[in-house]
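Atoms considered below: every heavy atom in the structure, side chains included; atoms not considered: hydrogens, waters and symmetry mates. Nothing fancy with the numbering, it's 1 onward along the sequence.
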Amino acid sequence: MNERCKIYLIIGERAFSFELNSHRMKHILITGIEGFVGTHLAKYLQDKGYQISGIYFQTPQQKIGRIFQADIRDYQKIFLIIKKLKPNVIFHLAAQSSVAQSEKNIKDAFSINVEGTLNILDAVNKLDFKTRIIFISSCEVYGNQQVRLSEKSATKPISFYAATKLCAENICQYYYRRYRLDVVILRPFSHTGIGQAEHFLFPRITKQIAEIEADLAKPILKIGNIEVRRDYLDISDVIRAYELAMRKGKAGEIYNITSEKPYSIKDALNYLLKLSTVRIKVKVDKQLVRKYDITLLTGKTDKFRKVTGWQPKVEFFTTLKNLLEYYRQQIAQ
């Protein structure tokens, strides 16, 4: 995608030329704009000068740009919104993102993650717009392989959530091959930060610690399997990667977005306990242990770095410290 355009201005007998960043005139539609990543991405893109619109299912906590309520499974409504907005780019974030919830209701997970993605692709294709679609998949499509994963690694999903993401990827690639739709597929590895739902691991742990410090809870921290290892990214690095993928990613390609630095939950927990102002006992809760867990998820991101120059800036332990400070401040208010 072109990043700059040259403008020529003639005044009298003199001609002037200057360049503009063309991305500042782009209209971006974000599905799932009310979610953790969608909220951060919308703010980041707006601050960079993009025109933002969004589709939401649940009412957003903050309104950025023009927003439209819709169920991603409602093809007719999605079609009409895209037809009205004529976006240059669509970030497709709307999904059932919980592995546990996807297992509990596989039909809903399939209709949201697969049929919802198909609705976006088919609407853009039928409208014949020159729209770039950034589909957010997941590293979980690789499954449990115990190696550092590249985009060429086999896909072996072991959760229904991962299976739906891989299915949606295949549909994206079909639309690229069959109709030359401008689709880029991203596989982000684990990421966290302020604003992530509190049923996710690190917001839950840091909030519990802050509550214990404030004497609002017993000094017992319940947790699942602490031996699993993951690459982790701060949300700020993830959204920078997404914007770069929009501008520099190649249509039809798949890119890993990852720190390449695996840490165990035990590593994170030990760090947070050292930051705590009180002594806390850790207790393994079997209900928090996944029946089928991925013991190692670490990836290579050299393909994405080569195309975009992206590098993560925020260290994992800085992210953890920021989360803990955020919940301390929230509880103190």
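The shortest non-hydrogen separation linking I194 to F36 is O-CE1, 3.5 Å. Counting all heavy atoms, side chain and backbone alike, P87 lies closest to T131 at O-OG1, 2.8 Å. F317 approaches A268 most closely through the heavy-atom pair CE2-CA, 4.4 Å. Across R132 and A251, no two heavy atoms sit closer than the pair NH2-N, 3.6 Å. Taking all atoms of both residues into account, the shortest heavy-atom contact from P219 to R279 is CB-O, 3.6 Å. Looking at every heavy atom in both residues, I265 comes nearest to N225 through CD1-O, 3.4 Å.
Between the side chain of N113 and the main chain of A95, no donor-acceptor pair closer than 3.5 Å is present. Looking only at distances, a side-chain donor or acceptor of T31 sits under 3.5 Å from a matching main-chain atom of A94. Panel note: side chain Q145, backbone A154; a donor-acceptor pair is recorded below 3.5 Å. A donor-acceptor pair is defined here as one N or O able to donate and one able to accept, closer than 3.5 Å; no such pair exists between the side chain of S53 and the backbone of I67. Remark: side-chain polar atoms of H27 are paired, donor with acceptor, to backbone N or O of L85 under 3.5 angstrom.
A distance of 16.0 Å separates NZ in K313 from OG in S259, rounded to the nearest 0.5 Å. Taken from CD1 in I28 to CD1 in I33, the straight-line distance is 10.5 Å, to the nearest 0.5 Å. Note: E115 CD to D108 CG = 10.0 Å, rounded to the nearest 0.5 Å. Separating the NZ atom in K86 from the CZ atom in F129 is a distance of 5.0 Å, to the nearest 0.5 Å. In this structure, NZ on K218 lies 11.5 Å from CD1 on I212, to the nearest 0.5 angstrom. Rounded to the nearest 0.5 angstrom, I254 CD1 and S150 OG are separated by 10.5 Å.
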- Item | Check against side chain to side chain contact (heavy atoms under 4.5 Å, CB included), D122 and F79 | CA-CA 9 Å; D122 196 62; F79 181 92; over 6 Å; no
- Task: Check the pair N256, T301 against side chain to side chain donor-acceptor pair (under 3.5 Å), reporting the backbone distance first and the verdict last.
- Result: CA-CA 5 Å; N256 285 344; T301 193; over 6 Å; no
- Task: Give the C-alpha distance, both sets of side-chain angles, the deciding distance and a yes or no for side chain to side chain contact (heavy atoms under 4.5 Å, CB included) between E140 and K165.
- Result: CA-CA 8 Å; E140 297 234 359; K165 284 295 188 178; over 6 Å; no
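The cationic atom of K26 (NZ for Lys, CZ for Arg) does not lie both less than 6.0 Å from the six-membered ring centre of Y50 and within 45° of the ring axis.
Side-chain atoms of N125 and Y175 form no donor-acceptor pair, as typed in the model, at a separation below 3.5 Å. There is a side-chain donor-acceptor pair under 3.5 Å between T295 and Q146. Using a 3.5 Å distance cut-off with no hydrogens or angles, the side chains of S159 and E103 do not pair a donor with an acceptor. Looking at S264 and D267, their side chains do bring a donor and an acceptor atom within 3.5 Å of each other.
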For residues 186-193, which side-chain N or O atoms pair as donor and acceptor with protein atoms under 3.5 Å away, sequence neighbours left out?
residue: R187; atom: NE; partner: E169; partner atom: OE1; Å: 3.4
residue: R187; atom: NE; partner: E169; partner atom: OE2; Å: 2.9
residue: R187; atom: NH1; partner: Y142; partner atom: OH; Å: 2.9
residue: R187; atom: NH2; partner: E169; partner atom: OE1; Å: 2.6
residue: H191; atom: ND1; partner: F189; partner atom: O; Å: 2.8
residue: T192; atom: OG1; partner: Q196; partner atom: OE1; Å: 2.5

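Under the 4.0 Å criterion applied to side-chain N and carboxylate O atoms, E213 and R328 are assigned as salt-bridge partners. Salt-bridge annotation for D71 and R73: present, with a side-chain N of the basic residue lying under 4.0 Å from a carboxylate O of the acidic one. Taking the charged nitrogens against the carboxylate oxygens, K261 and E315 do have a contact shorter than 4.0 Å, which makes a salt bridge. A salt bridge does not link K303 with E151: every distance from a Lys NZ or Arg NE/NH1/NH2 to an Asp or Glu carboxylate oxygen is 4.0 Å or more. In summary, D47 and K43 engage in a salt bridge, as defined by a charged side-chain N under 4.0 Å from a carboxylate O. For D293 and R230, the salt-bridge test passes: some basic side-chain N is under 4.0 Å from an acidic carboxylate O.
Heavy-atom neighbours of K321 NZ from other residues, nucleotides or ligands within 6.0 Å: at or below the threshold of 12.
Ring pair F316/Y232 is parallel by interplanar angle, where below 30° counts as parallel and above 60° as perpendicular.
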